[in-house]
K.L.:
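Have a look at the structure that comes next, please.
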Amino acid sequence: MARLLLKNAHVLLTMDDQRRELAGGSVLVDGNRIASVHAAGEALPAADEVMECAGQVVMPGLINTHHHMYQSLTRAVPAAQDADLFNWLKALYPIWARLTPEMIHVSTQTAMAELMLSGCTTSSDHLYIYPNGCRLDHSIAAADGIGMRFHAARGAMSVGESKGGLPPDGVVEDERAILKDMQRLVETYHDPSECSMCRVVLAPCSPFSVSTDLMRESAAMARSLGVSLHTHLAENDDDVAYSLERFGCTPAQYAEELGWTGPDAWHAHCVKLDDDGIHRFARTGTGVAHCPCSNMRLASGIAPIGRMRAAGVNVGLGVDGSASNDGAHMLGEARQALLLQRVGFGPAALTARAALELATRGGARVLNRSDIGHLAPGMAADIVCFDIGGLDHAGALHDPVAALIFAAPVRVTTSIINGKVVVRDRELQTANVGKLVARHNALAQILVNG
């Protein structure tokens, strides 16, 4: 198999167990895995292709643990610009009810292109609405076509307004059909092997849109099939109030009672996770997808990430849906994580390197993977390169690693996913971005205008 050598990085940020930062470092890719990592001055192995990385920070690919990619079709919709979570959802549910299979495919590739150009190499996507013949298969095919490592989350909504839920009755599904489709998707697409490019996740949408039975049964199915679990939890005060009134317990208590804790489960947002919930998640190894931009956009609050990390909770980053963030730049999300924690908890609440760790090793732990998130021999060859020689980083080379977070976020110069170069010289190699955006915009107009 082809061997690729990335050499002479300004800094090779390994994120390995020793957190080594190697000035002048190099890394050899053999096939789809990292073969070796080299400090400056070491003899370098032969390779089929050599990339000169002077003036660049070379690091593990970033990992996005929460997204709704179809929502890139409804960015900045006027009716939802100034709403909190529940009112935002109510404004958008009727629009999303018009989604088509082509819209799912095109929006998934558009969202993935944006992520890949921002340094993301692995992403989860939580698709929980399936009108007009839409299936998770359309997202999986899109990911395969563009070359992104993918955790496809089979979301679902089953409790509509008539039964006390938030979504309209017209966008919910029958629970037997949901469980049957979950099993079909796992049996068809889930690859549990190391360096897998596609894993399937069972992901009922939220406590306010699915039943207790579906939460419990999907957890049991996930354990029997050996796949992970994902949902939204404790996103804002209304979310907590709904759990207390409907279930008589906090969101974290509800999750644990139904089998939704453990290293194979992770929850998006957790802005309002209390100390008891933090303890439960830490004790069980349950993960959290922190989505700072979305939490600010919807005025949900500031998640207590410092307390979570101090307690031992696994925390990764998520850009969340492009209609609650309106952008999906993973390096930018890490920057916002740092800034928001400092707004809430002081200047030492999160360091630049800790923010980068959330976006790499933290995301790998949340997705229950040991083959991505840092650079070391045997790891999957997911590597990104950021050029720090331009205007955005002028005067910031005193600490080029921290500069990735403190300075304005930039696009990658190179991105390698599973050993394949998918971004070269800042250009995506696996899709025509211009044509993709043009079709995406046309479909967005059709969707929103009805």
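Basis for what follows: all heavy atoms, side chains included, without hydrogens, waters or symmetry-related copies. Predicted, not measured: the structure shown is a model, and the values here were computed from it.
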K.L.:
Roughly how far, to the nearest 0.5 Å, is CD of Q336 from CG of L331?
P.N.:
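Atom-to-atom, L331:CG and Q336:CD are 11.0 Å apart.
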
K.L.:
Around atom CD of Q18, are there more than 12 heavy atoms of other residues, nucleotides or ligands at under 6.0 Å?
P.N.:
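It does: Q18 CD has more than 12 such atoms within range.
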
K.L.:
A side-chain contact here means heavy atoms from C-beta on lying under 4.5 Å apart; do R19 and R361 qualify?
P.N.:
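Of all side-chain heavy-atom pairs linking R361 with R19, at least one is under 4.5 Å.
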
K.L.:
Identify which one of L338, L317, I405 satisfies the side chain to side chain contact (heavy atoms under 4.5 Å, CB included) criterion when paired with L356.
P.N.:
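The option that passes is I405.
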
K.L.:
May I ask you to test the R223-L229 pair for a side-chain heavy-atom distance under 4.5 Å?
P.N.:
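With C-beta onward as the side chain, the pair touches.
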
K.L.:
Answer yes or no: does atom CZ of R411 have more than 12 heavy-atom neighbours from other residues, nucleotides or ligands under 6.0 Å?
P.N.:
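Open.
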
K.L.:
Within the 3.5 Å criterion, strictly below it, is a donor on H269 or S300 matched to an acceptor on the partner's side chain?
P.N.:
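Checked: H269/S300 side chains show no N/O donor-acceptor pair below 3.5 Å.
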
K.L.:
How far apart are the closest heavy atoms of V366 and V288, and which atoms are they?
P.N.:
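So the two residues come closest at CG2-O, 3.7 Å.
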
K.L.:
With rounding to the nearest 0.5 Å, note down the distance linking CD in Q109 to OG in S72.
P.N.:
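Reported to 0.5 Å precision, the distance equals 11.0 Å.
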
K.L.:
Quickly, which of K163, E217, E175 forms a side-chain hydrogen bond (donor to acceptor under 3.5 Å, both in side chains) with S211? Name it, please.
P.N.:
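Filter result, single survivor: E175.
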
K.L.:
How long is the span from the OH atom in Y130 to the CG atom in D181, to the nearest 0.5 Å?
P.N.:
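Y130 OH to D181 CG: 7.0 Å, rounded to 0.5 Å.
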
K.L.:
Once you round to the nearest 0.5 Å, how far does CG of N325 lie from CD of E333?
P.N.:
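Nearest 0.5 Å value for the CG-CD distance: 5.0 Å.
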
K.L.:
Tell me the closest heavy-atom pair linking A153 and S124, and the distance in Å.
P.N.:
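Result for this residue pair: CB-OG, 4.4 Å.
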
K.L.:
Looking at H232 versus F208, is the centre-to-centre ring distance below 6.0 Å?
P.N.:
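Between F208 and H232, which both carry aromatic rings, the centre distance is not below 6.0 Å.
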
K.L.:
Describe, in one word, how the ring planes of F247 and Y242 are oriented to each other, choosing from parallel (under 30°), tilted (30 to 60°) and perpendicular (over 60°).
P.N.:
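Answer is perpendicular, since the angle exceeds 60°.
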
K.L.:
Distance only, no hydrogens: is a donor on one side chain within 3.5 Å (strictly under) of an acceptor on the other, for S294 and S324?
P.N.:
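Their side chains do contain a donor-acceptor pair, which is all the 3.5 Å distance test asks for.
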
K.L.:
Go through the steps to decide whether D387 and T413 satisfy the test side chain to side chain donor-acceptor pair (under 3.5 Å), and finish with yes or no.
P.N.:
CA-CA 6 Å; D387 187 346; T413 54; over 6 Å; no

K.L.:
Do H290 and M308 come close enough that some side-chain heavy atom pair is under 4.5 Å?
P.N.:
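They are not in side-chain contact.
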
K.L.:
If only side-chain N and O atoms count, and only distance matters, is there a donor-acceptor pair under 3.5 Å linking D239 with N236?
P.N.:
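There is no such pair (donor and acceptor under 3.5 Å, judged by atom type) between the side chains of N236 and D239.
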
K.L.:
Does the side chain of V186 reach to within under 4.5 Å of the side chain of Q183, using non-hydrogen atoms?
P.N.:
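Side-chain contact under 4.5 Å: no.
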
K.L.:
Does the ring center of H230 lie less than 6.0 Å from the ring center of H151?
P.N.:
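For H230 and H151, the ring centres are not under 6.0 Å apart.
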
K.L.:
With side chain to side chain donor-acceptor pair (under 3.5 Å) as the test, would you mind laying out the steps for S123 and N64 before giving the verdict?
P.N.:
CA-CA 5 Å; S123 184; N64 178 35; 3.0 Å; yes

K.L.:
Hey, is the main chain of M103 close enough, under 3.5 Å, to the side chain of S107 for a donor-acceptor pair?
P.N.:
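Indeed, once roles are kept as given, a pair shorter than 3.5 Å links the two residues.
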
K.L.:
Please tell me if the side chains of S209 and L166 come closer than 4.5 Å, counting only heavy atoms from C-beta onward.
P.N.:
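They are not in side-chain contact.
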
K.L.:
State, with a plain yes or no, whether a side-chain heavy atom of H267 is found less than 4.5 Å away from one of W260.
P.N.:
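Touching, per the 4.5 Å side-chain cut-off.
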
K.L.:
Determine whether the side chains of S228 and W266 contain a donor N or O and an acceptor N or O closer than 3.5 Å.
P.N.:
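Distance-only check fails for S228 and W266.
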
K.L.:
Given 3.5 Å as the limit, does a donor-acceptor pair link the side chain of S118 with the main chain of H329, or not?
P.N.:
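Not a single qualifying donor-acceptor pair exists.
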
K.L.:
Heavy atoms only: give me the nearest V57-L13 pair and the separation to one decimal.
P.N.:
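Heavy atoms of V57 and L13 come nearest at CG1-CB, 4.4 Å.
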
K.L.:
Please check this pair: side chain of D371 against backbone of C195, looking for a donor-acceptor N/O pair closer than 3.5 Å.
P.N.:
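Checking the backbone N and O of C195 against the side chain of D371, a donor-acceptor pair under 3.5 Å is found.
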
K.L.:
For E114 and S322, which heavy atoms make the closest approach, and how far apart are they?
P.N.:
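In terms of heavy atoms, the two residues are closest at OE1-OG, 4.5 Å.
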
K.L.:
Shortest non-hydrogen contact from G318 to T65?
P.N.:
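Scanning both residues, the minimum pair turns out to be N-OG1, 3.9 Å.
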
K.L.:
If only side-chain N and O atoms count, and only distance matters, is there a donor-acceptor pair under 3.5 Å linking H67 with D125?
P.N.:
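Note: D125 and H67 side chains miss the donor-acceptor criterion.
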
K.L.:
Decide salt bridge (charged side-chain N to carboxylate O under 4.0 Å, His left out) for D137 and R184; before the verdict, give the C-alpha distance in whole Å, the side-chain angles of both, and the deciding distance to 0.1 Å.
P.N.:
CA-CA 10 Å; D137 308 62; R184 177 190 70 83; 2.8 Å; yes

K.L.:
State, yes or no, whether a side-chain contact exists between T430 and M116 at a heavy-atom distance under 4.5 Å.
P.N.:
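Yes. Closest side-chain heavy atoms under 4.5 Å.
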
K.L.:
Do W96 and L89 come close enough that some side-chain heavy atom pair is under 4.5 Å?
P.N.:
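In short, these two side chains touch, coming nearer than 4.5 Å.
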
